[in-house]
**Student:** 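For reference, the structure I am asking about is given below.
Index from 1, following the sequence.
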Amino acid sequence: MAQTIETSAHLWSTKGGADKLYNLFLRQKADGWVVDYTNGKRGGTMQSGTKTEKPVSYEAALKLFDATVSAKTKDGYGPIDSGVAYTSSEFSGRATGLDLQLLTSIDEARCNALVSDPNWCMQLKENGERRAIFVKDGVVTGANRSGLLVDIPEQWTKEFAIFGNAIFDGEHVGDEFAVFDLLSLNGEDMRSDVFAGRYLRMAALFDSEVDLPPLMRRVETQAGYSTKSWLLQYVRDKQLEGVVFKRTMAPYQAGRSDDALKFKLTESATCFVLHQNIQRSVVLGLLNAQGRVIEQGNVTIPANHPVPMLGALVEVQYLYYTGKAFEQPVYLGLRADLRREDARIDQITRIKPANATEMASA
């Protein structure tokens, strides 16, 4: 009888300007074998699925595994040797029980006022995907902004195990984890501590002689007027996404918070796809205050992105919102970490003044 062993394949494609991963897993389950997969943009949220609805024989699973690798190879995928392989968890999508603190948008006037306010510190807004990292008895898992388990780079599960028991809040940026808050360390829940205290604990961790994970870094954070002014100007000069303000003496508050604010130089909105057009574009939709679907015009889908399906949640960058559509919309990609009810008109803050009244009555 042939030897039966679990195996995996980690494939990478840059075809057509893409940067996406496809991870395939042959593993034992119950009294048989299954072939599971994760796929998605590198550094983003990985979608999980299975090629086998129920366990099959090892021979059948291996044949399916090899056939899938072959098909992906013909489609332009090749082996990835950078070490960025992703976990595949049957628990993906389950709730972790942790509600993350969400940022509230502010305008430029409020941003400028907070730069000179000593009660607030400023952090660089990373252009990644929100990620919480849980370490429990050396076992490492990740969650998205909704508190649901997601697959993370396998390298993280090995490197972050050194913390034993801890919870970090941050962003998944490319292959790195950019941490901006420390919620628990050595089993001590610090969410009731003020941000200044939590940040000092995190800074001490980075400044210690402990060999931290190579793919873990601290988000740029400044507290004084001159250094906050410098960081804001740096973001403008480099045309980065924006900055975040944290009230230094506030505890970690779950949900939308007045103690955690964001100012974005480029604005974006989460919409859902109402229709697919004949060419590479889709019609966008948002929910108004009454829950009614309002059409929001079109956005072109770049060649390095697949055309999203009907009903999919997508992120769209824009210059201004007119009350009926987005000016200069740019498609950024899928949003698998949000729900349909999050795609609301009231998320939009960058509105042309003449259209503000019209939007409010939509």
**Student:** From Arg27 CZ over to Phe65 CZ, what is the distance, rounded to the nearest 0.5 angstrom?
**Tutor:**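 Rounded to the nearest 0.5 Å, the CZ-CZ separation comes out at 12.5 Å.
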
**Student:** Does any N or O in the side chain of Thr104 come within less than 3.5 Å of the main-chain N or O of Leu261, such that one atom is a donor and the other an acceptor?
**Tutor:**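 Not at all, since once roles are kept as given, no pair shorter than 3.5 Å links the two residues.
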
**Student:** Check whether the side chains of Gln222 and Glu220 place a donor and an acceptor atom closer than 3.5 Å, and report yes or no.
**Tutor:**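 Yes, side-chain donor-acceptor contact under 3.5 Å.
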
**Student:** With distance as the sole test, does Asn165 use its side chain to make a donor-acceptor pair with the main-chain N or O of Asp137 at under 3.5 Å?
**Tutor:**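 Judged by distance alone, yes, a pair lies under 3.5 Å.
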
**Student:** Checking ring-ring contact (aromatic ring centres under 6.0 Å, His included) between Phe163 and each of Trp156, Phe168, Phe134, which is the one that passes?
**Tutor:**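 Exactly one option meets the ring-ring contact (aromatic ring centres under 6.0 Å, His included) with Phe163, and it is Phe168.
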
**Student:** Counting only N and O atoms by type, is there a donor-acceptor contact under 3.5 Å from the side chain of Asp342 to the main-chain atoms of Arg339?
**Tutor:**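 Between the backbone of Arg339 and the side chain of Asp342 there is a qualifying donor-acceptor contact (under 3.5 Å).
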
**Student:** Taking a hydrophobic cluster as the set of Ile, Leu, Val, Met, Phe, Trp and Tyr residues connected by side-chain heavy atoms closer than 4.5 Å, whether directly or through intermediates, do Met249 and Phe245 fall within one such cluster?
**Tutor:**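 Met249 does not cluster with Phe245.
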
**Student:** How long is the straight-line distance from CG of Leu313 back to OG1 of Thr270, given to the nearest 0.5 Å?
**Tutor:**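 So the OG1 of Thr270 and the CG of Leu313 are separated by 7.0 Å.
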
**Student:** With rounding to the nearest 0.5 Å, note down the distance linking CG in Leu231 to OG1 in Thr221.
**Tutor:**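 Result: 8.5 Å between the selected atoms.
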
**Student:** More than 12 heavy atoms of other residues, nucleotides or ligands under 6.0 Å from CD of Gln279: yes or no?
**Tutor:**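 No, because the 6.0 Å sphere around CD of Gln279 holds 12 heavy atoms or fewer from other groups.
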
**Student:** Please indicate whether Glu53 has more than 12 foreign heavy atoms, meaning atoms of other residues, nucleotides or ligands, lying under 6.0 Å from its CD.
**Tutor:**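 Check fails, neighbour count at 12 or below.
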
**Student:** How long is the straight-line distance from CD of Glu126 back to CD of Glu241, given to the nearest 0.5 Å?
**Tutor:**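 One finds 9.5 Å between CD of Glu241 and CD of Glu126.
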
**Student:** Take Glu6 and Phe25 through the test side-chain contact (heavy atoms from CB on, under 4.5 Å) and record every step on the way to the result.
**Tutor:** CA-CA 8 Å; Glu6 293 191 349; Phe25 304 86; over 6 Å; no

**Student:** Might you point out which heavy atoms bring Leu24 and Val69 nearest each other, and give the distance in Å?
**Tutor:**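 So the two residues come closest at CD2-CG2, 3.8 Å.
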
**Student:** Between Ile133 and Phe177, does a side-chain contact (heavy atoms from CB on, under 4.5 Å) hold up when you go through it step by step?
**Tutor:** CA-CA 9 Å; Ile133 296 296; Phe177 179 64; 3.6 Å; yes

**Student:** Under 4.0 Å between a Lys/Arg side-chain N and an Asp/Glu carboxylate O for Arg218 and Asp207?
**Tutor:**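 Yes, Arg218 and Asp207 are salt-bridged.
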
**Student:** Only one of Val235, Leu240, Val243 passes side-chain contact (heavy atoms from CB on, under 4.5 Å) with Leu265; say which it is.
**Tutor:**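 That would be Val235; it is the only one of Val235, Leu240, Val243 passing the side-chain contact (heavy atoms from CB on, under 4.5 Å) with Leu265.
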
**Student:** Under a 3.5 Å cutoff, is there a donor and acceptor pairing between the side chains of Asp36 and Thr50?
**Tutor:**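 Yes, a side-chain donor-acceptor pair sits under 3.5 Å.
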
**Student:** Locate the shortest heavy-atom distance separating Ala61 from Val35; write the atom from each residue and the value.
**Tutor:**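 Closest approach of Ala61 to Val35: O-CG2, 3.4 Å.
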
**Student:** By the definition side chain to side chain donor-acceptor pair (under 3.5 Å), identify the one residue from Glu267, Glu327, Gln296 that meets it with Tyr321.
**Tutor:**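 Testing Tyr321 for a side chain to side chain donor-acceptor pair (under 3.5 Å) against Glu267, Glu327, Gln296 leaves exactly one candidate, Gln296.
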
**Student:** List the steps and the verdict of side-chain contact (heavy atoms from CB on, under 4.5 Å) for Leu114 and Ile106.
**Tutor:** CA-CA 10 Å; Leu114 294 180; Ile106 59 173; 4.0 Å; yes

**Student:** Please report the closest heavy-atom contact between Trp120 and Arg110, naming both atoms and the distance.
**Tutor:**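 So the two residues come closest at CZ2-NH2, 4.0 Å.
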
**Student:** For the atom pair CG (Asn144) and CG (Asp151), what is the distance rounded to the nearest 0.5 Å?
**Tutor:**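 Answer for the CG-CG pair, Asn144 versus Asp151, is 11.0 Å.
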
**Student:** Pick out which of Arg131, Arg130, Arg198 makes a side chain to side chain donor-acceptor pair (under 3.5 Å) with Asp169.
**Tutor:**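 Only one of Arg131, Arg130, Arg198 forms a side chain to side chain donor-acceptor pair (under 3.5 Å) with Asp169, namely Arg130.
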
**Student:** Taking atom CH2 of Trp12 and atom CG of Asn23, what is their separation to the nearest 0.5 Å?
**Tutor:**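 Those atoms lie 13.0 Å apart.
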
**Student:** Cluster question for you: counting only ILVMFWY and a side-chain heavy-atom cut-off of under 4.5 Å, with indirect links fine, are Leu103 and Leu182 together?
**Tutor:**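 In one cluster: no.
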
**Student:** side-chain contact (heavy atoms from CB on, under 4.5 Å) between Ser226 and Trp230: does it pass, once the steps are laid out?
**Tutor:** CA-CA 6 Å; Ser226 60; Trp230 166 82; over 6 Å; no

